[in-house]
2 protein chains.
Amino acid sequence: MPLSRRISDSTVRRLSHYLRVLELIQADGGVTVSSEELAKRGHTTAAQVRKDLSHFGSFGKRGLGYSVDELKDRLRTILGLDRLWRVILVGAGRIGSALFDYPDFKKRGYDCVAIVDTDPEKIGERWGERVIRPAEELESLIRELNVNLVILAVPASAAQVVAERSVNAGVKGILNFAPVQIQVPEGIPVENVNLVMELEALSFQINRASET
Amino acid sequence: MPLSRRISDSTVRRLSHYLRVLELIQADGGVTVSSEELAKRGHTTAAQVRKDLSHFGSFGKRGLGYSVDELKDRLRTILGLDRLWRVILVGAGRIGSALFDYPDFKKRGYDCVAIVDTDPEKIGERWGERVIRPAEELESLIRELNVNLVILAVPASAAQVVAERSVNAGVKGILNFAPVQIQVPEGIPVENVNLVMELEALSFQINRASET
DNA sequence: ACCTTCTTGTGAAGCTTTTCACAAGCGGTT
DNA sequence: AACCGCTTGTGAAAAGCTTCACAAGAAGGT
Ligand SMILES: NC(=O)c1ccc[n+]([C@@H]2O[C@H](COP(=O)([O-])OP(=O)(O)OC[C@H]3O[C@@H](n4cnc5c(N)ncnc54)[C@H](O)[C@@H]3O)[C@@H](O)[C@H]2O)c1
Ligand SMILES: NC(=O)c1ccc[n+]([C@@H]2O[C@H](COP(=O)([O-])OP(=O)(O)OC[C@H]3O[C@@H](n4cnc5c(N)ncnc54)[C@H](O)[C@@H]3O)[C@@H](O)[C@H]2O)c1
């Protein structure tokens, strides 16, 4: 069990995927599952499933497969879902309002504990249990509420500055919706969501397929 | 110029990235650009930039670099942005309303020509120039408006059915926001956006970094 | 016309990820 | 207690992707 090797990005995404599949299997009353089945319902092969899991230990029983319950717990621990993550949402615009209160976040332990915006019209507005705070309070909110993650839902021009301020205030990871590559200190993970890029990947593939 | 080899996903995403960088350079008045500079402002290396581009031809001049204008055009063609894409939005909920009229889509040639929903409260509602149509009209709208792409912004339970209906009606690609792996016929590209997965990738990396 | 400087395009090397293949192990059956 | 069917865990092979390194070519100066 090579617990210290680097884990590839694709492996992590697949783990996340396996977890979701396990939840579905559990909801259907499944008790054990083979790598074969996990692969079929995921998007991959049985060997890949086993290799992915083997990076973190050996959770299965030969001849039987994996205990759904146990594997689910293991994956939750591996993915860091065995604790609560405190998230601040920066930018209460269109994408921000979709993300806020997205139930799947809460279900996985991501709790949006604060929202900030610069727009005086929006500051003070109540969203569910939260009130939109002015952007100047970003640092103090992060410190006082012990925020771990920031969701950047601001215009591209503001993203870099907000990211820097957030990291300086102690945030440990960034989910960035602005279509810019933000620069952060070594060791602070950033995940980018770029929807234009996704559409471009589609049109590229469609074009390519039609080129015979 | 190996025009027929398979292009990796990561290459396509970088092309998309280069295009954005080129637009920024052009806005700053840049006329030519070297792979070195493109790499610095992207997220990669000069060799990678050249290798990526070399799959599609040789667009540069040795000693000089690339013409910003020309490379931009070439990339637009490669990514399929030299035409208009007609998009239907299925699901006029929170994420759907954020996506609709997202200006960056229009700027790249993706035009949301129709919106459908099942909710009687929403049907008939006007969003900008569009009116939300009942979901039963999905197929007829796709055919009549010559829709190429579908954005799935419906609950996970509805995603598979909507995807199948859309493909049967002639859609050529799917951007899926529902957190399920949808099954489609060979040759229909699907891009998935799974935000929970992105957050999980962050918490995984944060956990891992703190394990010394 | 030649030399210098710069940067591309590209095989080859190096590295990472995926797939293969099979010994090892578990549980049920005879 | 030995056998059998099944599935894991894992080295080794294969495939895929990135980096290296350099010849080839372009522009400008002398
Ligand atoms: N709408 C979409 O579908 C969509 C999709 C993908 C990416 N994005 C990106 O997400 C970001 C936000 O998009 P949107 O459509 O929600 O825009 P929006 O204009 O609706 O919202 C942006 C919000 O950020 C606030 N803001 C601006 N500067 C700020 C700052 N320094 N600190 C805090 N708040 C600030 C604004 O007041 C506004 O409320 C943009 O970068 C956009 O490119 C949007
Ligand atoms: N809100 C988010 O931040 C977010 C983020 C990522 C992914 N998602 C996913 O996107 C999807 C939509 O999320 P949402 O938050 O917008 O939910 P929502 O409930 O706000 O919107 C869903 C909409 O789809 C409509 N709908 C349901 N069945 C339909 C059908 N068969 N045909 C057409 N329309 C139908 C509903 O009437 C509703 O208007 C979900 O799968 C969700 O998991 C949401």
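For the numbers below, each heavy atom of this structure counts, side chains included, while hydrogens, waters and symmetry mates do not. This one's a predicted model, so the numbers in the text were calculated from it and none came from an experiment. Lettering follows sequence order; numbering is per chain, from 1.
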Among the nucleotides C:dT17, D:dG9, C:dT7, which one has an atom lying closest to any side-chain atom of A:Arg6?
C:dT17
Round to a whole Å and report the spacing from CD of B:Gln48 to P of D:dA21.
16 Å
Between the side chains of A:Lys40 and A:Glu36, is the shortest nitrogen-to-carboxylate-oxygen separation below 4.0 Å, so that they form an ion pair?
no
Test side-chain hydrogen bond (donor to acceptor under 3.5 Å, both in side chains) on B:Ser35 and B:Tyr66 and set out the steps.
CA-CA 8 Å; B:Ser35 55; B:Tyr66 303 87; 5.3 Å; no
Between B:Thr45 and D:dT19, is there a side-chain N or O to OP1/OP2 distance below 4.0 Å?
yes
Toward the 5' end of DNA chain C, by each residue's nearest nucleotide, A:Lys61 or B:Lys51
B:Lys51
Which whole-number value in Å describes the distance from A:Arg50 CZ to C:dC22 C1'?
11 Å
Check the distance between D:dG9's P and A:Asp52's CG and give it to me in whole angstrom.
12 Å
Whole-Å gap separating C1' (D:dT7) and CZ (A:Phe59)
17 Å
Is A:Asp111 salt-bridged to A:Arg130, cutoff N-O under 4.0 Å?
yes
Between P of D:dT19 and CD of B:Glu36, the distance in whole Å
13 Å
Please work out if A:Thr44 contacts a base, only the sugar-phosphate, or nothing of the nucleic acid, heavy-atom cut-off 4.0 Å.
nothing
Considering all heavy atoms of both residues, which atom of B:Leu79 and which atom of B:Ser16 are nearest to each other, and what is their separation?
CD1-CA, 3.8 Å
In this structure, how many angstroms lie between the C1' atom of C:dC26 and the OH atom of A:Tyr66, rounded?
14 Å
Would you mind telling me which of C:dG27, D:dT8, C:dT18 lies closest to the side-chain atoms of A:Ser10?
C:dT18
Report the residue (B:Gly60 or A:Ser8) whose heavy-atom-nearest nucleotide on DNA chain C is the more 5′ of the two.
B:Gly60
Side-chain donor/acceptor contact of A:Arg62 with base of D:dT8 under 3.5 Å:
yes
C:dG11 C1' sits how many Å from B:His55 NE2, rounded?
13 Å
Students often mix this up, so state it plainly: with edges at 30° and 60°, are the rings of B:Trp127 and B:Phe100 parallel, tilted or perpendicular?
tilted
Just how far, in rounded Å, is P of D:dG16 from CD1 of B:Ile7?
13 Å
